[in-house]
There are 2 protein chains.
Amino acid sequence: MTKQDSPRSRNAAATREAILQSAFAAFAQSGYDGVGVREIAGTAGVTAMMVNRYFGSKEGLFAEVVASAMNAPSVLTREAIGSNSPGRAIAAALVARTTRGEPVLDGMRIILNSASNPRAAEIIREQMRLRHHATVAATVGGDHAGERAGLALAVVAGFQFMRQMIGLPALAQADPAVLEAMLGTTLDRLLSDGA
Amino acid sequence: MTKQDSPRSRNAAATREAILQSAFAAFAQSGYDGVGVREIAGTAGVTAMMVNRYFGSKEGLFAEVVASAMNAPSVLTREAIGSNSPGRAIAAALVARTTRGEPVLDGMRIILNSASNPRAAEIIREQMRLRHHATVAATVGGDHAGERAGLALAVVAGFQFMRQMIGLPALAQADPAVLEAMLGTTLDRLLSDGA
DNA sequence: GTCTATAGAAAGATAGAC
DNA sequence: GTCTATCTTTCTATAGAC
């Protein structure tokens with residue numbers, strides 16, 4: 001494609017995208033503090049220097065990863081929230097995808113795994129303020145819609161944390177159907193008008 | 001007190017306790033990865049070497065801190081769980097103590113802030129298996145008591161995470177009375193027999 | 001019982017060649 | 001556009017003096 005390819009493919013857009021995807025997976029797996037730029041760059045097939053060239057710093061890279069994660073939600077989708085029984089729809093997706101060995105809900109995982117770092121937490125806060133809250137609140141009606149949407153988000157985060165990250169036996173080894181019913185009812189009550 | 005005090009007070013039990021308290025506060029504030037043994041030791045008035053002397057390693061120190069945190073719960077107390085309206089009791093304590101500037105629920109904070117580190121997560125898993133789950137499940141009756149207790153714990157964790165650590169505006173700036181009512185109802189439904 | 005000094009590894013970021 | 005090489009800092013853990 002390009003004129004020559006001495007060290008690598010020499011395609012700015014492709015390199016940038018490769019770094020971004022590598023970083024997404026790595027931050028989901030190990031969190032902001034748990035992975036270094038060398039490792040991210042290595043998986044993408046480039047050197048650590050390229051991260052700074054394209055994203056300015058590790059923080060800059062993280063900010064783009066978080067923004068992309070919030071732009072493509074995998075559980076709190078508009079379809080799920082707008083369905084007849086949004087709680088059940090969300091619960092079904094959440095239970096299925098927090099089962100051991102599953103593709104794993106990387107978006108929320110990045111947040112849960114990285115929030116302990118103050119710089120990462122600040123970036124998450126900012127992106128959350130800009131995107132996620134507005135999306136959910138706009139889809140939930142009734143009194144105290146913002147608070148109810150916020151609580152629903154907290155329930156989703158707490159469930160994933162305890163089941164997937166900590167592996168709390170009561171949640172990690174429970175019958176999926178039971179979990180789905182209980183979690184679905186809880187979320188439906190929060191997302192519908194009745195308190 | 002002791003025969004002499006050339007470098008420091010030279011009291012093994014007191015030094016150990018000072019390190020433990022310093023570590024508890026530091027891990028709550030910054031998580032396992034966010035704080036070094038130098039800092040912990042410095043606050044306790046000793047050098048980093050003492051940490052390894054008394055606890056073997058940073059991991060050993062963390063394990064003791066997590067164990068002590070689970071032995072002295074500040075929200076999921078037996079009193080709260082056994083009361084007439086356990087959900088409301090828990091919610092009231094949780095909302096009050098996740099307000100900005102409050103003493104802050106360090107036990108769960110240590111867990112939320114440290115779980116991204118694989119070694120810390122393993123320690124938390126083990127301590128959780130030994131202590132917390134049994135305490136809660138023993139106090140909750142009815143069908144699927146374990147699952148309901150686990151979900152309640154997840155709700156508490158998620159709420160604290162989103163309100164206190166991320167500072168989600170919908171939760172961080174909400175009317176405490178509204179939050180308390182919604183969260184209390186949610187927890188009461190989980191902890192009582194009705195699904 | 002506590003210290004100073006240091007080993008040894010790994011991190012983020014930058015300079016400058018090609 | 002990408003590389004190698006290096007600067008600087010920070011970390012856990014250990015050796016050995018007092």
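Lettering of chains follows the sequences in order, A, B, ..., and the numbering in each one begins at 1. Bear in mind the structure is a predicted one, so any value in this text is a computation, not a measurement.
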- Could you tell me whether B/Glu126 and B/Arg131 have a side-chain N and a carboxylate O separated by less than 4.0 Å?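 No salt bridge links B/Glu126 with B/Arg131.
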
- What is the ring orientation for A/Phe27 with A/Phe62, classed by angle as parallel under 30°, tilted 30 to 60°, or perpendicular over 60°?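 Answer is perpendicular, since the angle exceeds 60°.
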
What is the distance from [atom1] of [X] to [atom2] of [N], rounded to the nearest Å?
X: A/Glu59; N: C/dA11; atom1: CD; atom2: P; answer: 17 Å
X: A/Asn52; N: D/dG1; atom1: CG; atom2: P; answer: 16 Å
X: B/Asn117; N: D/dC11; atom1: CG; atom2: P; answer: 15 Å
X: A/Ile40; N: C/dA10; atom1: CD1; atom2: C1'; answer: 15 Å
X: A/Met50; N: D/dT4; atom1: CE; atom2: P; answer: 11 Å
X: B/Phe55; N: C/dG1; atom1: CZ; atom2: C1'; answer: 15 Å
X: A/Ile19; N: C/dG12; atom1: CD1; atom2: P; answer: 14 Å
X: A/Arg16; N: D/dT2; atom1: CZ; atom2: C1'; answer: 17 Å

- Note on the structure: Of B/Val37 and A/Arg53, the one whose nearest nucleotide on DNA chain D sits closer to the 5' end is A/Arg53

- Query: Is it true that the side chains of B/Arg189 and A/Thr185 contain a donor and an acceptor less than 3.5 Å apart?
  - Reply: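 No.
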
Is the phosphate of [N] approached by [X] (side-chain N or O, under 4.0 Å from OP1 or OP2)?
X: A/Thr15; N: D/dT2; answer: yes
X: A/Arg38; N: C/dA10; answer: no
X: A/Tyr54; N: D/dG1; answer: no

- Identify which nucleotide among D/dT2, D/dG1, C/dT4 has an atom closest to any side-chain atom of B/Thr47, counting heavy atoms from C-beta outward.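 Nucleotide nearest to B/Thr47's side chain: C/dT4.
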
- From C/dT4, D/dA13, C/dG1, pick the nucleotide closest to the side chain of B/Lys58?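 The nucleotide sitting nearest to the side chain is D/dA13.
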
- How many angstroms lie between CD1 in A/Ile110 and CE in A/Met70, if you round to the nearest 0.5 Å? 9.5 Å

- Do side-chain atoms of A/Arg38 reach the backbone of A/Ala48 as a donor and acceptor pair under 3.5 angstrom?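 No; judged by distance alone, with no hydrogens or angles, the pair does not exist.
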
